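First the structure, which I've put down as structure tokens, then a few questions once you've had a look.
First the proteins, then the strands, lettered A, B, ... as listed; each starts at 1. If you're wondering where the values come from, they're calculated on a predicted model, not measured in any experiment.
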Protein chains: 2
Amino acid sequence: MKKKTTIYDIAAKLGLTAATVSRALNDNPKISKNTRQLVLDTAMEMNYEQNKVALALKSGKSYNVGVIVPRIDSNFFSSVIRGIEEELHPKGYHVIICQTNNQENIEIEKINSLLNVQVDGILMSISNANLEDNMGFNKLIRSKRTPLIFFDRKKDLKGVSSVTIDDFKGGYDATKHLIDQGCKRIAHLSNDRQFEIFNNRFLGYKQALLDNGIEFDESLVIETMSKVVEGRKSARALLDMDRPPDAIFSSSDFAALGALQEIKESGLEIPEDICIVGFSNEPFTKFMELTTISSVDQFPMEMGKVAAQVFLEEVSNTQDTKISKNIVLTPELIVRKSSLKHKER
Amino acid sequence: MKKKTTIYDIAAKLGLTAATVSRALNDNPKISKNTRQLVLDTAMEMNYEQNKVALALKSGKSYNVGVIVPRIDSNFFSSVIRGIEEELHPKGYHVIICQTNNQENIEIEKINSLLNVQVDGILMSISNANLEDNMGFNKLIRSKRTPLIFFDRKKDLKGVSSVTIDDFKGGYDATKHLIDQGCKRIAHLSNDRQFEIFNNRFLGYKQALLDNGIEFDESLVIETMSKVVEGRKSARALLDMDRPPDAIFSSSDFAALGALQEIKESGLEIPEDICIVGFSNEPFTKFMELTTISSVDQFPMEMGKVAAQVFLEEVSNTQDTKISKNIVLTPELIVRKSSLKHKER
DNA sequence: CTGTTAGCGCTTTCAT
DNA sequence: ATGAAAGCGCTAACAG
């Protein structure tokens, strides 16, 4: 249990003072080459390591950023976090992760918990889409010291930056593609539309229909959680309709998979009878043996990196004028077998 | 940019001293009910929040733990981290994540980087299986202050705890299952056997063969990275043999998938001609449409929770006698279509 | 170029 | 029951 060596230890050993040692260690110009080298050498020799906690207390910067996500064990979120970590670590930051399990109260608790440990910023994807209660957020924003950056699931709050993808375009492109395949009756597995992302995918879907002379039919839109079983249920409901759809655009790959399974088991063929497009480009969509699933790639790692960059800009911005930016990345439709009726090219 | 309120602020407002305020806030017995309540009220009123950084400096405990993994965007590691976070957050700890990208030099850098920020412990899965250079680790252990816990990919270092699964059993069970299916010539897609986990899976495989009167054939063991394309290559090599195998036990689900694809494309049937068992129970293994892939579940979330518990024990252990434990969890073979020749039950 | 001093916010003896 | 003071390790303003 030996103590760590501090600058005082090395100062004592050299008959110097802590301040001088500190200067030497920090390449302060006002110091002689000799003493600097001397300090550096003995620091090395004594296995000195800077105590970042003391530094954090002194400077008010912890060089920690918090990342809050619903859960980390999803391909999307873990990829975003990978991007964040890769971007931030080289700049000296550490990444603290928090999960909310999609519970609003926990979300607030974790925000406060991160603020308490003096993180230099918080990057998050919200769990609570309810626009009314923004206690935690407002506190964060009022404090004016800790940058907040939303990624993917954001709230529209003035002065808060965000990095998202163009979900409208994602939904639009997916739907347009289905229309181009000759589909006329396109269903949509939506999700809680209190979240902008799901609402925008829905709106993109709707707009693509309208732009192409297809009537929007509310009964073809089913709110479906992002789970395989839920996708099955919704597909069942669609199949049981008097006039079942000839295509499904799902806002989730998992729901898309469930739909695919249910449809195949009912004896129908994909894409011949029903085309399917999912969302997120989950790894399994391209691993399917027979019917790889078309999906919309959100470039999660890229999203993480960009969010990290926005954070870096905001912390380095010393001026009072807080500039917030809303960056929108462009998604990409990946066409696979589940929606490719006519073999092109 | 208003400053945060400190105990001095509330002390000043109340005509008290910081010490008293501190005591009140910490439920110190020697304080009058009145002043305690008074302090608590004004603390609330002034939006006081304890500065954990100052506390960390004072106490030497940061209430941060570091987690180091090769990469976070894999189902296995992100699930482990989920377990860790869920277990540790309620106890007041924050989880800092670091990725090594499997690079040994980065691994050491990140260890040091975490030690520098005074984490209370490090939970890690190693990237560097080389037993010779243990600089970073030795430093960590010598320091005697920061508990180190390995999970999954560990090193055998005295005094260091670990949480792993019984990879030998995983390999053994998988292979035994293949033998029970009537397979006689069982190949193994291994991986870098410098890592205990891969070596143990291999040893389990080998032992199962021996225990069942099947000769071990070195030529049926191919070192294969955990990637779909690599699995394809290895399968190709196996198919090109004079006497191809009738089963493959892969230490990776991704390689297993590649093998499955290559085999199917060559016109052979699974499981009729060749049985396949993977390892890790990746989500996609059960999502396959035709041939769901048998695999060995490692219970990653559980592993994370247990590793977190071991850490908690170690930090709370104030005695000099450092007790290290090596916990081995039991994996579970999940039999699916890729290896189920004879329809049982 | 180097030393002195103060302070970041909190806890904790030691007095009173 | 409360105050005074020291200290965790570091940096920075001010002297010299």
Side-chain angles (χ1 to χ4, degrees), chain A residues 1-40 42-43 46-64 92 115-120 143 145, chain B residues 1-40 42-43 46-64 92 115-120 143 145:
Chain A
M1 190 73 92
K2 68 171 168 245
K3 295 254 319 3
K4 299 197 68 165
T5 69
T6 73
I7 52 174
Y8 287 97
D9 299 330
I10 111 168
K13 180 157 187 173
L14 262 41
L16 289 174
T17 177
T20 310
V21 174
S22 172
R23 280 187 274 255
L25 260 18
N26 291 294
D27 281 336
N28 188 303
K30 5 184 72 180
I31 200 164
S32 77
K33 258 184 157 358
N34 292 330
T35 42
R36 166 182 296 100
Q37 197 53 51
L38 195 59
V39 168
L40 257 38
T42 45
M46 298 175 76
N47 284 311
Y48 169 75
E49 272 158 22
Q50 190 186 44
N51 183 327
K52 304 277 187 181
V53 174
L55 184 56
L57 176 59
K58 176 70 181 165
S59 68
K61 292 203 54 171
S62 68
Y63 275 94
N64 283 152
L115 288 176
N116 266 349
V117 297
Q118 320 286 114
V119 290
D120 294 346
S143 78
R145 322 162 91 258
Chain B
M1 189 72 95
K2 65 169 168 248
K3 295 252 322 2
K4 298 197 67 163
T5 69
T6 72
I7 52 174
Y8 287 98
D9 299 330
I10 109 169
K13 179 157 189 174
L14 262 43
L16 289 174
T17 178
T20 311
V21 174
S22 172
R23 280 187 275 254
L25 260 20
N26 292 294
D27 281 337
N28 188 304
K30 10 184 68 181
I31 198 163
S32 76
K33 259 185 156 359
N34 292 330
T35 41
R36 160 170 315 93
Q37 198 52 50
L38 196 58
V39 168
L40 257 38
T42 45
M46 297 176 78
N47 284 310
Y48 169 77
E49 272 158 21
Q50 191 186 44
N51 182 329
K52 303 277 186 180
V53 174
L55 184 55
L57 177 59
K58 178 71 182 167
S59 68
K61 292 204 54 172
S62 68
Y63 275 94
N64 283 152
L115 288 176
N116 267 349
V117 298
Q118 320 286 113
V119 290
D120 293 347
S143 79
R145 322 163 88 257

Under 3.5 Å, side chain of A/D120 to main-chain N/O of A/S62, donor-acceptor pair present?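 Yes; judged by distance alone, with no hydrogens or angles, the pair exists.
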Length of the line joining B/D27:CG and C/dC10:P, which is rounded to integer Å: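 Interatomic distance, CG of B/D27 to P of C/dC10: 16 Å.
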Any chance you could measure A/D9, atom CG, to A/L14, atom CG, to the nearest 0.5 Å?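 Going from the CG atom of A/D9 to the CG atom of A/L14 covers 11.5 Å.
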May I ask you to decide if B/V53's main-chain N or O and B/N51's side chain share a donor-acceptor pair within less than 3.5 Å? yes
What is the distance, to the nearest angstrom, from the CG atom on B/D9 to the P atom on C/dC8? 10 Å
d(CD1, B/I31; C1', C/dT11) in whole Å: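 Computing the B/I31:CD1 to C/dT11:C1' distance gives 13 Å.
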Within less than 4.0 Å of OP1 or OP2 of C/dT2, is there a side-chain N or O belonging to A/T35?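 Answer is yes, contact under 4.0 Å.
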B/N28 CG - D/dG3 C1' separation (whole Å): 14 Å
A/D27 bridged to A/R36 by N-O distance under 4.0 Å: yes
Partners meeting salt bridge (charged side-chain N to carboxylate O under 4.0 Å, His left out) with B/K58 (sequence neighbours left out):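 In terms of salt bridge (charged side-chain N to carboxylate O under 4.0 Å, His left out), with neighbours along the sequence ignored, B/K58 is linked to no residue.
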Sorted by chain and residue number, the side chain to side chain contact (heavy atoms under 4.5 Å, CB included) partners of B/Y48 (sequence neighbours excluded) come out as B/T5, B/I7, B/L25, B/A43, B/Q50
NA contact type, A/T17, heavy-atom cut-off 4.0 Å: base, sugar-phosphate, or nothing? base
So if I define the base as every atom that isn't primed, P, OP1 or OP2, how would nucleotides 9-16 of chain D read as a B/S/- string at a heavy-atom cutoff under 4.0 Å? BBBBB---
Can you check the B/Y63 OH to C/dT11 P distance for me, whole Å?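 That distance rounds to 12 Å.
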